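Since this is a predicted model, take the numbers as computed values, not measurements.
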Amino acid sequence: LIPSVQSLPGVKSAAAVNALPIVGISPLVYCCPEGAACQGIGRDPLISIREVTPGYFSSLDIPLLRGRLLNDSDNAQNRRVIVINQTAAKVFFKDKDPIGQWLENSRARIPLTVVGVVKDVPYTAVSSPPYQEMYLPREQDDMLFPSMTLVVRADSSFPNLVSAIRRKVGEIDPDVPIADVSSLDEALASSMAQPRLTMEMGALFALVALLLTVIGLYGVLAYSVSQQLTEIGIRMALGATPRQVVGLVLKSGMSIVACGLLAGIAGSLVLTRLLQGLLFGTDARDPWILAATAIVTGAAGCLACYVPARRAARVSPNLALQ
């Protein structure tokens, strides 16, 4: 199937994998690295297995960091090899070069020589932390998973490509069912539906909280100004300018905003670790995000303070003194 799909117009590469990252769960096995005594099943560290065919890494654009990728020569007649990810290299080999080292399955006790290290990819979700993984050539794997996912990288339009692949499968065996056909973008969107909904709800609540903050701050300052009309009138009668009155009210209101911002930033540094699992590609303590939040909140607070301040500056001294 793979060579026939690769011959289609616009197809760059095609491969098969037992379980796609993010949308599929790959099995775990116990294993031990070279130089370490195997403790047995249940005591050795775990590693995820992805059974793949050559071309898998180029199909998903997974960069090679060290060594080489799997190729057609990695078959049953040659020594057993694997490619591991960055996390597996750190977990099993620490600071040593993993190329040429081997991992041994705690059950089968067959040494698998590491020939390459690739970049980590998300394991069960886009925001999930990386997990140690090894990629086995299908031609050398004894497990032989009963179902595989075909991965195709192409320039052709998605509907035309799917129709062409269905025809190729039908030519080989018309009784083989094809299920769960989707683009990678669609698969990613589906896996991120729940985190996206959670973040959208969080953003909505944050917007409501900001609105309530502005309304509350405006109400407090408006009431405070109404209680200080006599003082404001005396100040203006003694020569205070409207600008000075505005500055006085703004100073009083922004001091409240400043205290709130300091308390909010301190609280966020403590509580944002709860949100880290919902984020991808950014840190919950990103200084630029904290700065942007402070600026938006400060600007909203300044606006809430400015309206009562302008109203106070327009007070007639005679009316205020009466």
Trainee: Quick one: does Glu133's side chain get under 4.5 Å of Thr87's, heavy atoms only?
Mentor: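 Sidechains of Thr87 and Glu133: no contact.
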Trainee: Donor-acceptor check, side chain of Ser255 to backbone of Ser252, threshold 3.5 angstrom: yes or no?
Mentor: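 Yes, the answer is positive, given that a donor and an acceptor are paired below the 3.5 Å cut-off.
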Trainee: Nearest 0.5 Å please: distance from the OG1 atom of Thr293 over to the CD1 atom of Ile265.
Mentor: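 Spacing of OG1 (Thr293) from CD1 (Ile265) equals 8.5 Å.
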Trainee: Taking Asp120 for its side chain and Gln86 for its backbone only, find out whether a donor-acceptor pair lies under 3.5 Å.
Mentor: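 Confirmed, Asp120 side chain pairs with Gln86 backbone.
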Trainee: Between OG of Ser26 and CG of Leu20, what distance do you get to the nearest 0.5 Å?
Mentor: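 Output value for this atom pair is 10.5 Å.
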Trainee: Looking at side-chain heavy atoms only, is the closest gap between Phe92 and Pro98 below 4.5 Å?
Mentor: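 They are not in side-chain contact.
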Trainee: Would you find more than 12 non-hydrogen atoms of other residues, nucleotides or ligands less than 6.0 Å from Lys96 atom NZ?
Mentor: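 Enclosed: over 12 neighbouring heavy atoms sit under 6.0 Å from NZ of Lys96.
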Trainee: Under 4.5 Å between side-chain heavy atoms, counting indirect links through other Ile/Leu/Val/Met/Phe/Trp/Tyr residues: same cluster for Trp102 and Val81 or not?
Mentor: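 In one cluster: no.
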Trainee: For a quick check under 3.5 Å, do Ser163 and Asn160 share a side-chain donor-acceptor pair by atom type?
Mentor: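 No.
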Trainee: Is there a side chain to side chain contact (heavy atoms under 4.5 Å, CB included) between Tyr30 and Ile47 once you walk through the steps?
Mentor: CA-CA 6 Å; Tyr30 294 98; Ile47 190 170; over 6 Å; no
Trainee: Using only atom types and a distance under 3.5 Å, with no angle test, would you say the side chain of Ser156 pairs donor to acceptor with the backbone of Pro9?
Mentor: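 Yes: the side chain of Ser156 pairs with the backbone of Pro9.
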Trainee: If hydrophobic clusters are built from ILVMFWY residues whose side chains come within less than 4.5 Å, do Val151 and Val181 share one?
Mentor: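 Not linked; separate clusters.
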Trainee: Heavy atoms only: give me the nearest Cys305-Pro308 pair and the separation to one decimal.
Mentor: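 It is O-CD, 3.3 Å.
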Trainee: Do you know which two heavy atoms are closest between Ile62 and Lys119, and how far apart they sit?
Mentor: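 Smallest heavy-atom distance, with atoms named: CG2-O, 3.7 Å.
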Trainee: How close do Leu217 and Gly253 get, heavy atom to heavy atom, and via which atoms?
Mentor: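 What the structure gives for the nearest pair is CD1-O, 4.5 Å.
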Trainee: Show the nearest heavy-atom pair for residues Val246 and Ala309, with the distance to one decimal.
Mentor: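 Closest approach of Val246 to Ala309, heavy atoms only: CG2-O, 3.7 Å.
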Trainee: Using atom types as modelled and distance alone, determine if a side-chain donor or acceptor of Gln244 lies under 3.5 Å from a backbone N or O of Thr241.
Mentor: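 Yes.
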Trainee: State, yes or no, whether a side-chain contact exists between Tyr135 and Val118 at a heavy-atom distance under 4.5 Å.
Mentor: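 Yes - at least one pair of side-chain heavy atoms lies under 4.5 Å apart.
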Trainee: Is Val29 reachable from Leu136 through a run of hydrophobic residues whose side-chain heavy atoms are each under 4.5 Å from the next?
Mentor: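 They do share one cluster, since a chain of ILVMFWY contacts under 4.5 Å joins Leu136 to Val29.
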Trainee: Side-chain contact test, heavy atoms from C-beta onward, threshold under 4.5 Å: evaluate it for Leu261 versus Val257 and give yes or no.
Mentor: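 Touching, per the 4.5 Å side-chain cut-off.
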Trainee: Passes side chain to side chain contact (heavy atoms under 4.5 Å, CB included), Val117 versus Ile99? Steps please.
Mentor: CA-CA 8 Å; Val117 178; Ile99 305 301; 4.3 Å; yes
Trainee: Closer than 3.5 angstrom, by distance alone: can the side chain of Asn78 be matched with the main-chain N or O of Ser73 as a donor-acceptor pair?
Mentor: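 Such a contact is found between Asn78 side chain and Ser73 backbone.
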Trainee: Calculate, to the nearest 0.5 Å, the distance between atoms CZ and CG belonging to Arg138 and Leu70 respectively.
Mentor: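 Atom-to-atom, Arg138:CZ and Leu70:CG are 14.0 Å apart.
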Trainee: Measuring from Tyr56:OH to Thr149:OG1, what's the distance to the nearest 0.5 Å?
Mentor: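 Answer for the OH-OG1 pair, Tyr56 versus Thr149, is 9.0 Å.
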Trainee: If the test is side chain to side chain contact (heavy atoms under 4.5 Å, CB included), which one of Leu1, Ile2, Asn18 qualifies with Met148?
Mentor: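 When side chain to side chain contact (heavy atoms under 4.5 Å, CB included) is applied between Met148 and each of Leu1, Ile2, Asn18, only Asn18 qualifies.
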Trainee: Can you name the closest pair of heavy atoms from Pro242 and Ala313 and give their distance?
Mentor: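 In this case the closest contact between Pro242 and Ala313 is O-CB, 3.6 Å.
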Trainee: Kindly compute the distance separating CG (Leu112) from SG (Cys31), expressed to the nearest 0.5 Å.
Mentor: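 Interatomic distance, Leu112 CG to Cys31 SG, rounded to 0.5 Å: 8.5 Å.
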Trainee: Checking the side chain of Arg153 only, and the main-chain atoms of Leu60 only, is there a donor and an acceptor separated by less than 3.5 Å?
Mentor: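 Such a contact is absent between Arg153 side chain and Leu60 backbone.
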Trainee: Please tell me whether Leu150 and Phe57 are part of a single hydrophobic cluster in this structure, the criterion being side-chain heavy atoms less than 4.5 Å apart.
Mentor: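 As far as the 4.5 Å side-chain criterion goes, Phe57 and Leu150 are not connected within one cluster.
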Trainee: Could you list all the ring-ring contact (aromatic ring centres under 6.0 Å, His included) pairs where at least one residue sits in residues 216-273, not counting sequence neighbours?
Mentor: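 ring-ring contact (aromatic ring centres under 6.0 Å, His included) check on residues 216-273 returns no pairs.
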Trainee: To the nearest 0.5 angstrom, please state how far the NZ atom of Lys90 sits from the CG atom of Asn85.
Mentor: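 Lys90 atom NZ to Asn85 atom CG measures 9.5 Å (nearest 0.5 Å).
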Trainee: Given side chains that start at C-beta, do those of Leu161 and Val11 come closer than 4.5 Å, heavy atoms only?
Mentor: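 SC-SC contact between Leu161 and Val11 confirmed.
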Trainee: So does Arg50 have more than 12 non-hydrogen atoms from other groups sitting under 6.0 Å from CZ?
Mentor: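 Correct, the count exceeds 12.
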Trainee: May I have all residue pairs that pass salt bridge (Lys or Arg N to Asp or Glu O under 4.0 Å) and include part of residues 180-192, sequence neighbours excluded?
Mentor: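 Every candidate salt bridge (Lys or Arg N to Asp or Glu O under 4.0 Å) pair involving residues 180-192 fails, so no pair, neighbours aside, qualifies.
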Trainee: Determine whether Phe205 and Leu210 fall in the same hydrophobic cluster, where Ile, Leu, Val, Met, Phe, Trp and Tyr are linked whenever their side-chain heavy atoms lie under 4.5 Å apart.
Mentor: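 No, separate clusters.
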Trainee: Let me see the working for Leu303 and Val214 under side chain to side chain contact (heavy atoms under 4.5 Å, CB included), right down to the final yes or no.
Mentor: CA-CA 8 Å; Leu303 179 64; Val214 171; 5.7 Å; no
Trainee: Taking all non-hydrogen atoms of both residues, which atom of Ala14 and which atom of Ser59 are closest, and how far apart?
Mentor: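 Residues Ala14 and Ser59, closest heavy atoms: N-OG, 3.6 Å.
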Trainee: Provide the full list of salt bridge (Lys or Arg N to Asp or Glu O under 4.0 Å) pairs with a residue in residues 64-84, sequence neighbours left out, each pair given once.
Mentor: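 For residues 64-84: Arg66-Asp97, Arg68-Asp74, Arg80-Asp142.
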Trainee: When you look at Phe93 and Ile84, which way does the side chain to side chain contact (heavy atoms under 4.5 Å, CB included) test go after all the steps?
Mentor: CA-CA 11 Å; Phe93 301 106; Ile84 61 176; 3.9 Å; yes
Trainee: Ignoring hydrogens and angles, tell me if any N or O in the side chain of Gln132 forms a donor-acceptor pair with the backbone of Leu46 under 3.5 Å.
Mentor: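 Answer holds: yes.
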Trainee: Just so I know, are the side chains of Leu290 and Ser268 near enough to count as touching, which here means a heavy-atom distance under 4.5 Å?
Mentor: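 Leu290 reaches Ser268 side chain to side chain.
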